[in-house]
Amino acid sequence: MDINRYSPSYGVNTNHLIQISSLKVEEIFEYLYAIKSLKAKFTANEDTGILRGVTIALLFNDTSLRTRLALEVGIRQLGGNCVNLPYDESDMRAGENMYDILNVICRYGVGALVTRGISKDQLKRFCADSPIPIINSNNDKSVPVQTLCDLFTIWEKRKKLEGLRLAYTGKWSANCSSLITGAVKCGMDVSLSTPREYAIPPELLESVSQYGNVTVTENPAQAVKNADVVYTDNYNYHTAISETERKILLPYQVNKKLMELASPDAVFMHALPANRGIEVTEEIIDGSKSLVLEQAENKLHTVKAVFALLVK
């Protein structure tokens, strides 16, 4: 489906945002058009007080910088407030009932709960109990907000999605799974290149492949050849990369030689934080083909769009 031929209604039928695989392509397009609209309003300095009088709760079981900043700034720009809830597994084991928590914060005027680092099974229980939208910003299975942000950034830069070729190289991650799922749903072709030690699990590859064309290779040059978008990600977000990992992943580094195999007008993307000299060289991530700052900027408009479509 061509996004440029789609007429948005600026609404979605789902109550929560947990994973990209649960969204229909039309729902993805609704989010992307909402991002476009809110970014235009931001640029024009128009008032977008759609959260005025609403408080958003953040429940994070993981560290965060850009996502938390985008959320807190975005909520305030929409006229709302946010509150950070402490999360500890020991509270849950001690008998804290999420049904009670969700219903209490709803009565306090909280309009949505944004989570990070909460397991898929726990989120499923949250959604079953919750009278308010649950938004998964990031966990070990899915990173839907980043994917919506990335798809919008590609659309904004290349003016289309359908027919473009995305090459992902490096170490498989939850971000990788979300990204390639969203890309193929939007009509993009995907080439995934990872070493066998860090390859996408077969069951996930099978799941993603049902939506579109995904090729897998251990040869990064083959994956990147003629690609319109070259994407890599942080290998170890919370821990230093080992020397063994460094050697295995070195051939997958996005550098000038690899980038030259892509199409002449190809762009480079990375969700940040980045280890310059590890998964990507400085001349690429800081060069003219890089969209990393645009991605970071668009995260703000993405979280605002999610609130605009989910918070009633």
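Remember, predicted model here, so these are calculated numbers, not experimental data. Numbering starts at 1 and runs along the sequence shown.
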Sidechain N-carboxylate O distance under 4.0 Å for [X], [Y]:
{"X": "Glu243", "Y": "Lys247", "answer": "no"}
{"X": "Lys289", "Y": "Asp265", "answer": "no"}
{"X": "Asp2", "Y": "Lys160", "answer": "no"}
{"X": "Glu279", "Y": "Lys171", "answer": "no"}
{"X": "Arg276", "Y": "Asp286", "answer": "yes"}
{"X": "Lys24", "Y": "Glu27", "answer": "no"}
{"X": "Glu283", "Y": "Lys256", "answer": "no"}

What residues, two or more places apart in sequence or in another chain, satisfy side chain to side chain contact (heavy atoms under 4.5 Å, CB included) together with Arg52?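 Residues passing side chain to side chain contact (heavy atoms under 4.5 Å, CB included) with Arg52: Asp47.
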Can you confirm whether more than 12 heavy atoms, excluding those of Glu206, are under 6.0 Å from its CD atom? no
How are the rings of His270 and Phe268 set relative to one another: parallel (under 30°), tilted (30 to 60°) or perpendicular (over 60°)? tilted
In terms of relative ring orientation, are Tyr6 and Tyr33 parallel, tilted or perpendicular, with 30° and 60° separating the classes? tilted
Quick one: which residue pairs count as a side chain to side chain donor-acceptor pair (under 3.5 Å) with a foot in residues 295-312, not counting sequence neighbours?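 Those involving residues 295-312 are Lys39-Asn298, Thr67-Lys299, Gln77-Lys304, Gln146-Lys299, Asp150-Gln295, Thr153-Asn298, Glu156-Asn298.
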N/O donor to acceptor pairs below 3.5 angstrom from side-chain atoms of residues 13-20, sequence neighbours left out:
residue : atom : partner : partner atom : Å
His16   : ND1  : Ile134  : N            : 2.8
Gln19   : NE2  : Ser21   : OG           : 3.3
Gln19   : NE2  : Ser22   : OG           : 3.1

